[in-house]
Amino acid sequence: MKYLRKPTSIIILNQQFKIEWVDAAETHGCVDLNKCVIQMTKGFPKGTTADTLLHEIIHAINHVMGISDASTEEEFTTRLSTGLCTVWKHNPKVFEWFHKQLTT
């Protein structure tokens, strides 16, 4: 398997977000929606890291799309990121197909 570097930026609905990898933090990850920065804490298992990054990406999507009820949005984001990571893990070929459809 080819080693892939950790992402350092991502475009979310036409907005550029920087991804910073930090050594220690209070949470696994967080997003500063005003500065367009996602911070990820290093050292967690791969599955946890993937789930957390997707969680923060969903927060950014929610923000850009105007979803603003914080209590509902946090619960929705947590469940959706975990659900999508699980589906992705068990169906990698489907997501490869999606990628091909979107890039060719």
Next on the checklist: Test your reading of the model: is there a side-chain donor-acceptor pair from Asn91 to the backbone of Val94, 3.5 Å cut-off?
Outcome noted: no
Item to check | For Ile58, the rest of its hydrophobic cluster, which grows through side-chain links under 4.5 angstrom | outcome: Leu54, Phe76, Leu80, Leu84
Checklist entry - Does a salt bridge link Lys100 with Glu96, judged by any charged N lying under 4.0 Å from a carboxylate O? => result no
Next on the checklist: Checking Ser9 against Gln16 for the side chain to side chain contact (heavy atoms under 4.5 Å, CB included) test, could you report, in this order, the C-alpha distance in whole Å, the side-chain angles of both residues, the deciding distance, and whether it holds?
Outcome noted: CA-CA 7 Å; Ser9 68; Gln16 183 83 28; 3.1 Å; yes
Checklist entry - Counting only N and O atoms by type, is there a donor-acceptor contact under 3.5 Å from the side chain of Asp51 to the main-chain atoms of Gly47? => result no
Checklist entry - Roughly how far apart are Thr49 OG1 and His55 NE2, rounded to 0.5 Å? => result 13.5 Å
Checklist entry - So, the side chain of His90 versus the backbone of Thr86: is there a donor-acceptor pair under 3.5 Å, distance only? => result yes
Checklist entry - What residues join Ile19 in its hydrophobic cluster, counting side-chain heavy atom gaps under 4.5 Å, either direct or through other members? => result Ile10, Ile12, Leu13, Phe17, Trp21, Val31, Leu33, Ile38, Met40, Leu53, Ile57, Ile61, Val64, Met65
Next on the checklist: ring pair (Phe, Tyr, Trp, His ring centres under 6.0 Å) for His59 and His63? Distances and angles first, verdict last.
Outcome noted: CA-CA 6 Å; His59 273 305; His63 172 73; over 10 Å; no
Checklist entry - Any side-chain heavy atom of Val37 within less than 4.5 Å of one from Glu20? => result yes
Item to check | Rounded distance [0.5 Å steps], CD in Glu26 versus CD in Gln39 | outcome: 11.0 Å
Item to check | Glu56 CD to Ser81 OG distance, which is reported to the nearest 0.5 Å | outcome: 8.5 Å
Next on the checklist: Under the rule for ring pair (Phe, Tyr, Trp, His ring centres under 6.0 Å), what residues qualify as partners of His28, not counting sequence neighbours?
Outcome noted: Phe44
